[in-house]
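One structure is given below, encoded as structure tokens.
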There are 2 protein chains.
Amino acid sequence: MPFDAEISEFQAPALFEGLDADAGGIKIRYAREEEIFGEGEPAEYVYQVLSGAVRTYRILRDGRRQIDEFHFAGGYFGIEGGPDHRTTAEAIADSTVLVARRMTASDLADQRGDVARQLLQLTMEGLQRRQDHVVLLGRKSACERVASLLIDLAERSGCQRTLDVPMSRQDMADYLGLTIETVSRTLSQLQADGVIEIPTTRRIVLRDRAALAELVE
Amino acid sequence: MPFDAEISEFQAPALFEGLDADAGGIKIRYAREEEIFGEGEPAEYVYQVLSGAVRTYRILRDGRRQIDEFHFAGGYFGIEGGPDHRTTAEAIADSTVLVARRMTASDLADQRGDVARQLLQLTMEGLQRRQDHVVLLGRKSACERVASLLIDLAERSGCQRTLDVPMSRQDMADYLGLTIETVSRTLSQLQADGVIEIPTTRRIVLRDRAALAELVE
DNA sequence: CGTTAGTTTGACCTAATTCAAATACTGTGG
DNA sequence: CCACAGTATTTGAATTAGGTCAAACTAACG
């Protein structure tokens with residue numbers, strides 16, 4: 001596992017020198033499906049996706065999985081309030097990840113104010129995304145959920161019309177609180193309606209963004 | 001509306017003088033069902049429940065409501081990352097709320113580090129609660145959702161065996177992503193199973209906490 | 001007390017799930 | 001480069017958890 005193999009070399013002093021990816025931390029490559037950290041493990045490091053994609057999720061006793069978030073290039077993950085990771089993180093595709101030792105609360109107090117502010121900003125954004133996720137899961141139909149995900153993916157990829165989705169249908173289902181069959185059927189229906197086009201499994205073209213946006217709520 | 005009537009008197013300098021409720025801000029009373037702030041309004045103030053209970057929620061175009069969070073005595077709400085409130089806040093019961101002018105990012109930078117750290121701590125806790133909420137809505141059955149809420153309410157009221165629930169069945173349903181009828185039926189079933197007792201509508205006794213905890217996932 | 005709103009219960013319905021099978025990918029070795 | 005094995009996805013049929021509609025019941029309040 002690359003994590004164990006390389007991490008000992010690392011002694012970055014601050015959270016990426018003020019959460020700026022170029023400065024602190026070391027790069028680690030993870031293969032598709034490889035675990036980056038596990039739920040319950042001590043949260044000693046923080047992470048930023050440099051390339052590829054990462055999922056964080058939780059598992060219930062009987063195996064039900066809920067994906068908490070998808071993380072793409074530029075996104076941070078593994079930042080925790082408490083001592084331990086509350087989710088498991090895995091690479092969805094082959095990925096490069098920047099890893100830095102987490103700052104303690106006292107480190108943070110000593111630090112320049114803008115680092116703390118950036119961390120707060122990041123946490124606030126995470127909170128907002130979970131609030132949106134709660135509305136999606138609590139009150140939206142299957143079709144609205146799928147449409148919401150597609151719009152979100154498009155926005156996060158700089159409003160591309162053609163999405164290269166790195167995740168499987170199972171990943172989508174476990175993010176959307178649906179089954180794989182429902183996700184598949186919904187995508188097929190959206191294609192039949194001319195709203196999207198699915199040239200290959202992992203590629204989705206948004207043909208009618210307005211119609212999709214209408215479906216979002 | 002008490003908000004408009006009294007808010008002009010107020011000039012607290014910092015977020016409750018370091019988020020400490022005794023110092024900054026002014027107390028405002030809200031009647032049951034009264035709005036405290038609305039979604040989309042500028043987030044000029046931050047709030048702490050002193051007594052009573054508050055719900056924050058979002059509404060979809062067609063009226064579907066998703067309650068984001070219940071706030072009880074001691075809890076903070078209305079703290080936003082952006083310029084506007086992303087939820088509507090209403091008093092569930094007659095409530096007293098401490099209201100303070102929000103700090104700007106630059107205020108925060110000038111401030112002692114422990115204020116910023118407390119705000120970060122608060123935001124992290126909020127994030128964690130939404131993560132739990134996402135798992136509940138995405139992957140738990142109606143029965144598990146209701147049990148989770150009861151356990152959460154019990155823990156937040158200092159592990160009382162008897163819960164005085166201030167919220168209506170509709171509030172519970174809109175928090176749990178269910179309908180009022182399903183909540184009612186589920187509570188009735190839990191009572192029939194001897195797990196809880198419902199002496200009055202707004203009072204629930206947890207007779208078998210272990211059984212309830214088993215249901216949580 | 002009577003009125004109104006909130007809650008519970010019943011009967012029926014449907015969106016999404018489950019189970020099952022067909023089809024389409026992906027990667028690998030020959 | 002192709003054939004094959006294994007996996008992922010799609011589609012179909014049947015089932016069900018939870019929703020909807022409707023009515024009875026209960027509690028709160030002037």
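Lettering follows sequence order; numbering is per chain, from 1. As a basis for the values below, the full set of heavy atoms in this structure was taken, side chains included, without hydrogen atoms, waters or symmetry mates.
Stacking of B/Arg65 on the aromatic ring of B/Tyr57 is recorded, both the 6.0 Å distance cut-off and the 45° axial limit being met.
Contact annotation for A/Thr182: base contact, defined as any heavy-atom pair under 4.0 Å involving a base atom. Using a 4.0 Å heavy-atom criterion, one finds that B/Arg32 contacts no nucleic acid atom at all. Within the nucleic acid shown, B/Leu178 comes within 4.0 Å of sugar-phosphate atoms alone, with no base atom in reach, counting heavy atoms only. Residue B/Arg145 is out of contact with every strand shown, counting any heavy-atom pair closer than 4.0 Å. Within the nucleic acid shown, A/Ser188 comes within 4.0 Å of sugar-phosphate atoms alone, with no base atom in reach, counting heavy atoms only.
Residue B/Ile180 places its side chain closer to C/dT8 than to any other of C/dT17, C/dT8, D/dT9. With distances taken from any side-chain atom of B/Thr201 to the nucleotides C/dT9, C/dT17, D/dA27, the minimum falls on D/dA27. Taking only side-chain atoms of A/Ser141, from C-beta outward, the nucleotide of C/dT8, C/dA16, C/dG6 with the closest atom is C/dA16.
Applying the side-chain contact (heavy atoms from CB on, under 4.5 Å) test between A/Tyr175 and each of A/Met167, A/Gln170, A/His133 identifies A/His133 as the sole match.
Note on ring orientation: taking the six-membered ring where Trp is involved, the planes of B/His85 and B/Tyr47 are tilted (angle from 30° to 60°).
Nearest-nucleotide positions on DNA chain D for B/Thr200 and B/Glu181 put B/Glu181 closer to the 5' end.
Side-chain nitrogen and oxygen atoms of A/Arg185 include none within less than 4.0 Å of the OP1 or OP2 phosphate oxygen of C/dA15. The phosphate of C/dT26 has neither OP1 nor OP2 within less than 4.0 Å of any side-chain N or O from A/Arg202.
Sorted by first and then second residue, the salt bridge (Lys or Arg N to Asp or Glu O under 4.0 Å) pairs with a member in residues 208-217 of chain A read A/Glu214-B/Arg61; sequence neighbours excluded.
As rounded to whole Å, 12 Å separates atom P of C/dT7 from atom CD1 of B/Ile198.
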